[in-house]
Asker: 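Just dropping this structure here.
Sequence lines set the chain letters: A, B, ... in the order given, protein chains first and strands last, and positions in each chain run from 1.
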There are 4 protein chains.
Amino acid sequence: MSILEGYHEECGVFGIFNHTEPANIAYLGLHGLQHRGQESAGIAAADGKNIIIHRGMGYVADVFSEHELTRLPGKHAIGHVRYSTQGESHLKNAQPVVVSCWRGPLALSHNGNLVNAIELRKILEHKGSIFQTTNDSEVILHLIAKTPAPQLKDALISAVREIAGAYSFLILTPDSIIAIRDPGGFRPLILADLNGSPVLASETCALDIIGATYVRDVEPGEMLTITDQGIHSEFPLAPEKHSFCIFELIYFSRPDSQIFGQSVYEVRKKLGRELAREHSVEADVVIPVPDSGIVAAMGVAEAYQLPFEMGLIRNHYVGRTFIEPKQSIRDFGVKIKLNPVRAVIEGKRVVVVDDSIVRGTTSRKLVRIIRNAGAREVHVRISSPPTIGSCIYGIDTPNEEELIGAQKSVEEIREYIGADSLGYLSIEGLIKATGNNSRNYCLACFNREYPTKKFSGKRIQLSLFESNS
Amino acid sequence: MSILEGYHEECGVFGIFNHTEPANIAYLGLHGLQHRGQESAGIAAADGKNIIIHRGMGYVADVFSEHELTRLPGKHAIGHVRYSTQGESHLKNAQPVVVSCWRGPLALSHNGNLVNAIELRKILEHKGSIFQTTNDSEVILHLIAKTPAPQLKDALISAVREIAGAYSFLILTPDSIIAIRDPGGFRPLILADLNGSPVLASETCALDIIGATYVRDVEPGEMLTITDQGIHSEFPLAPEKHSFCIFELIYFSRPDSQIFGQSVYEVRKKLGRELAREHSVEADVVIPVPDSGIVAAMGVAEAYQLPFEMGLIRNHYVGRTFIEPKQSIRDFGVKIKLNPVRAVIEGKRVVVVDDSIVRGTTSRKLVRIIRNAGAREVHVRISSPPTIGSCIYGIDTPNEEELIGAQKSVEEIREYIGADSLGYLSIEGLIKATGNNSRNYCLACFNREYPTKKFSGKRIQLSLFESNS
Amino acid sequence: MSILEGYHEECGVFGIFNHTEPANIAYLGLHGLQHRGQESAGIAAADGKNIIIHRGMGYVADVFSEHELTRLPGKHAIGHVRYSTQGESHLKNAQPVVVSCWRGPLALSHNGNLVNAIELRKILEHKGSIFQTTNDSEVILHLIAKTPAPQLKDALISAVREIAGAYSFLILTPDSIIAIRDPGGFRPLILADLNGSPVLASETCALDIIGATYVRDVEPGEMLTITDQGIHSEFPLAPEKHSFCIFELIYFSRPDSQIFGQSVYEVRKKLGRELAREHSVEADVVIPVPDSGIVAAMGVAEAYQLPFEMGLIRNHYVGRTFIEPKQSIRDFGVKIKLNPVRAVIEGKRVVVVDDSIVRGTTSRKLVRIIRNAGAREVHVRISSPPTIGSCIYGIDTPNEEELIGAQKSVEEIREYIGADSLGYLSIEGLIKATGNNSRNYCLACFNREYPTKKFSGKRIQLSLFESNS
Amino acid sequence: MSILEGYHEECGVFGIFNHTEPANIAYLGLHGLQHRGQESAGIAAADGKNIIIHRGMGYVADVFSEHELTRLPGKHAIGHVRYSTQGESHLKNAQPVVVSCWRGPLALSHNGNLVNAIELRKILEHKGSIFQTTNDSEVILHLIAKTPAPQLKDALISAVREIAGAYSFLILTPDSIIAIRDPGGFRPLILADLNGSPVLASETCALDIIGATYVRDVEPGEMLTITDQGIHSEFPLAPEKHSFCIFELIYFSRPDSQIFGQSVYEVRKKLGRELAREHSVEADVVIPVPDSGIVAAMGVAEAYQLPFEMGLIRNHYVGRTFIEPKQSIRDFGVKIKLNPVRAVIEGKRVVVVDDSIVRGTTSRKLVRIIRNAGAREVHVRISSPPTIGSCIYGIDTPNEEELIGAQKSVEEIREYIGADSLGYLSIEGLIKATGNNSRNYCLACFNREYPTKKFSGKRIQLSLFESNS
């Protein structure tokens, strides 16, 4: 029940090299990646000598006005959008991070999560480093600054040898961009071309708006050094088994993107078809939880040979905190976002399709809302297996104790959410739908098999806190 | 191409009588009507003696925080959301309007447009009235204040006898709410019940969130006086032919609403089926222009027996002005809102379904974007007839000179937008899909037959202007 | 203790006719009048055809940026600054007020207070008028609009014949400015010249910044009609005894202004000298309550032949609400604004000079602060008589019940504030210092002799309230 | 001409240890130091375990609302106000700075300027440090973090041994505050007591508002370690000749403060008397440039036995940028801040007293304004010697090329500013007035004798820039 309950993508990155208006292009590219993070946005631009940055809290379109963009001239730029959490959010943690070190100014945009960041931070602190944010990214910048290797790329290689976890980094210097993707390839990163200017982005959907052409994925473990001399590729790290984040396909990426070489749209359709095959049903209509469940629901409807209808309408004007009346309203949190179409639901046996169940509380409300709209039966179908493991690679998942999939059996969950039937896609079905190659994916959230040695399963505890209201 | 190009609903109204937290309920009700107006929002609350109001520019959730809501206590409340235009927008014109007159304080929320407002304003000015806004609503309040009838409802009757056009008014006094809908019934207005508290709203979709039950439509020409004595209904005006705004069904209302006694969702499905029946096609896939074209497109796909796919993905984070690079980007305006799914479109003969074409420029861009995503053919289907008339009843339509439907033949439009074929729904098809009773609807935008004597076809020219940046 | 406790001037007005950048000039003129009102500011500009206005809450420099000023083109402009109260303040009540009526658009800036505004408003409401603000100014605009006289100036004459109280009005039409001052002349209004462009302002201190030359005071009861034909003067009302507000000289006007034909600075000096002559003292040093008591204190020191020292330092960064610690701080309200200079005060017998005592609570705190800084004795001298009457002519005074001068004897006040001695200037001394002509001034706050028939002693009760946070 | 033209104090610091509401006390203390910096304000609070911080751009009263203060609980707090420059100002550079290092969290507030910050930064960068701001303070934190000494105070000692320049530091840990003042004692720092809670502040004027009692100055070179065990004093650095900033007495500190053991008020009075003795004059009246010139002008008037008058009135509502009309106004910059009192000036031979002349352009305007107000003669007296050197110890002075005192003779300056006579206080007179002990003061701005080896005379060039509009 993702838009309702909760996973949060941990960022999108974008870079453009050698363009006449790199900040404007980065601004549009980030807009195309806005679904990957709505908390803060930032762009760092370089003109060959200096790096100038602007960051702010909020959407790309709110953080940047013409005024800010014209103050970011130059030739090259990298940008970042950051996810939104319920709790504290600080400008301080916004990215890109820019620092000055003996190599000159450096800016960094990061998508992913380092699993040994706390350990490295402790080691660095004991060597005399000071930290001003709670970003992983500060760790990597310290490692780069501490390495005596004269070439930045060698320092970066040395630095990434010390880190573990998921990362797609873009590093901007006054005259170059370096991109590196971890050897597992957890997070996507693609290379594209805009009339000769190299472009880097988390997803292909950022390309269409700027008119760039997809070239290829940056490979797991690959480092690209982009300078006026061209694009240099190398693989400085020992190869590892691929660990593509399967949730990018199930939920996070936009359906109009190509991720890990596949169309997200087509994969979701297949997930739906596979899901329907695994769980037969007697029903009248299939409806999605919009927007994330739409494509899978179409696959479900197709396989069930049932009508597909938009039985739930999403209210797009949901902003921040909504004020609940004192006499509190049942299922309030869902009702301000979704509303049932009685004409579609009333008197029907309804199959409702979503991508996942996190805590279960929202699914329970949703089932009740659908029933109250007149459904005779409510059959829930989930286009992924039960979520039993918390992600340590850059997705803001609750702890296992809060994950209903980790705490209850499917039948218990069905009972809890009040559905007439509940069907999850099996891991096998998931693998089949995503290309029949289980070895490519990180499935930790479904099987608790963490591809990296699990250094630190929790997100870094904030030891600094800046109130930034 | 409505989300892209154009029409703007002119407001939604909401009222609640005799509740312990009327402002909180109005706030949620207005959230459910947010699609009818995003420029400004306001709530006026009454406690038996006084009326207190808060209004602001922006979304309901932005205008009202807990602080504002707790300052609006009382028993009764009316609220308003106002449409968003490109041009100037002023807090001054936000509603409800509150005035003091010899009857005491009065607040008014208005959905619609008076066609003789300018004439009445001139007459009133020549009798010594002064005007402080450019709202129609000020006219009606002047008329009410000038009428010597001791009862407010009689004054209102006297006032509405002088006005012509579309109106669904809610008037709040310290201890009553009066609702009146014009005899043509242009704009919807419904009566509902929340545990004994009467509720009024523009659409039924505002009811679900607060848990209210639909009672019935306020009838065209009906006036409801709601006091502690109960709800009194009367029909003070001469009956007229009904003139329900057909565009409420085609585009404006939310698909989860019941409007004019029909499910908007079902009507749109029928519009799509009828449209397909009128224009056969050889194609591979049907895609909607989201979100407004989705339901009609499903009807089209069903009738064509073609797959329905979400071939265009909407970017929901589109805020205000987007900054375009100097080297301007082709089809920029559409690209920041919609992106094609290549996997769905490539190599296909695509039918794209929208609710209307306004100026044609956006449709032209959209056709180009779909072709660039690899479509072999692009067939455009519009679930309404060509728009040839400008609305004077409360919808912000361009002048006829700007309406491509008024300026070009269908073939010329097809050529202009670059489609392989273009099919509009016929007026007959429209009538059939909306219940086979043409006499109920205002079809002026399709046939230029304005149900009222056309006093003034243009919106009031601002003679006052307040900059309110 | 005026900056501390409170009187609030009720506005300043400014006008300029026939200038190439009237809004810019009005902006600077209003800045020169900022001490007369800090709540809101506004400018209405006319270009011969239309009137355009911008208003906002706050200081002139905050309300207007270059953006707003460039949107106010034209030839003529009037402006307004409005006072600041503790309570509610609304953009709605900001001035100038602009309305449309049969005469076309009209803008009005008003300084003063009508004593029969409530009565007139009731009468107007019973004739069918509606009111949208709680400004007196709306009354006068209604009266003007209702008068059939074809010439605006005749309508204005007819309107002002119905009103009583204090008023200095500026009315802007698309091609003229009309100024009128009440026959008592309560509030100042001057005529000046800026290279041929007529200028109107509340005080002369607004002239220096724009380089305008003082021409003369607008006379009590005089009406000036300024058009392309020149400045026409007439006296349409029956002459009355002058009622210049003596508090303009004592406190409100800036010392660098000429008011009612006298230098404010010189008058205050004389008030101080007269005060010293009336109350002898054995003391070591004279200190003012800054800034309002400075000039009078210099006169006191001169007459006493004692050193004048700045024994209290004002903190100029006092903004809005200050947060007081839970363990509340004694004399907090004064301490955040003023701090004693121990080097000046310690071991001394101190004479502290202020312009008035309102409630007495602040004076009491101040005496305590001075004693705590080491003063051996504290002698309070007030450069005006005890305030016993509440102003009904445009100054925001507390009710008589709150005025310590109306409730206690001088000896009781002395005891309450804890001073070793307390001396007020006598009414005779006041008259002597202000030119020996008692017949010119309104002394109602000191003798309760209200020059006008006292229609309504209270400010209009708000019957409308708009929360405008 | 300081309020007009330009020096800017480089910050004020405040600390309180072991109090029930340390943030509230720090907030008030910073308000009392607001004259030392108006650009940004911040408070870091500690509760024994963690440090929490809030910082923002603007005045203390604007940066902190009740909401922010209640989020800063704890026992101890330090705060900072930062100066205002014309150019770029960034939240990033606001203080206190908080970092995490192996010693745990540390916050630092700094008043002063390190003259070898650039050198140290380069060295640190070459050892692998990264810098995120352009604050000197980051340098000292790096030095502290890099020192292996287990005790923080030993690390601080080791760190300050590497730095040179002016510094009054407050360092907050979760359970202690350490204060250190450079051996020259450039910037003031005092120790006070609030009912048993130790207080540290830049000036004594911060004490009165909170009711704290002055204990003593922190001595030059002294380090105070404040813990639950009490206050420990030590002098870890080699003693140096004192270098108290003489400009603190002439201009920066508030007249109600005791600085370097003297009353600022009394010193300024003596500066005025000495100045008058050095330069006789035939004149009628002495007027100050308010507010900074007031006390010296009183001394001048006393010594000349001439009347002291407030011949220039300051407009306190000057906010940010003022918009100048296209037809620019002569002496605009001064006119929006000061206005002459014609009654005081007209026909008189006027002595105008200010504390300094920076570029001369403002003095020139001021002389012209006074002449235009009718002065027969204008004699300028400056209560300090000609400023010939740029400050490198924490005061934002222009370069020597821009200092008129460094470029022209006194006679040339007199001619440039258009005065009838010009008299500066001599260095001897300055020394006499400030206690006859030249060895105590840094006089570098008057004699270019910089007490420290001049490492880097320029402020650090920003190598990072964050736009923060």
Asker: If we only count heavy atoms from C-beta on, is the B:Ser100 to C:Gln132 side-chain gap below 4.5 Å?
Answerer: no
Asker: Work out which heavy atom in C:Glu125 is nearest to a heavy atom in B:Trp102; give both atom names and the distance.
Answerer: O-CD1, 3.0 Å
Asker: Can you list everything that forms a side chain to side chain donor-acceptor pair (under 3.5 Å) with C:Ser158? Sequence neighbours excluded, please.
Answerer: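 Partners of C:Ser158 under the side chain to side chain donor-acceptor pair (under 3.5 Å) test: none.
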Asker: Which atom names give the shortest non-hydrogen contact between C:Glu138 and B:Ile130, and what distance separates them?
Answerer: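 Scanning both residues, the minimum pair turns out to be O-CD1, 4.3 Å.
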Asker: Distance check, rounded to the nearest 0.5 Å: B:His126 atom NE2 versus C:Arg103 atom CZ?
Answerer: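 Atom-to-atom, B:His126:NE2 and C:Arg103:CZ are 9.5 Å apart.
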Asker: With sequence neighbours left out, what residues match B:His76 under ring-ring contact (aromatic ring centres under 6.0 Å, His included)?
Answerer: B:Phe17
Asker: What residues form a side chain to side chain donor-acceptor pair (under 3.5 Å) with C:Asp182, not counting sequence neighbours?
Answerer: none
Asker: At under 4.5 Å between heavy atoms, what parts of residues 141-155 of chain C are in contact with chain B? List them by residue number.
Answerer: C:Leu141, C:His142, C:Ala145, C:Lys146
Asker: Tell me whether the count of non-hydrogen atoms from other residues, nucleotides or ligands lying under 6.0 Å of CD in C:Glu66 goes above 12.
Answerer: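 No, CD of C:Glu66 has 12 or fewer neighbouring heavy atoms, counting only those of other groups under 6.0 Å.
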Asker: Could you give the distance from NZ (C:Lys127) to SG (B:Cys101), rounded to the nearest 0.5 Å?
Answerer: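 Answer rounded to 0.5 Å: 16.0 Å.
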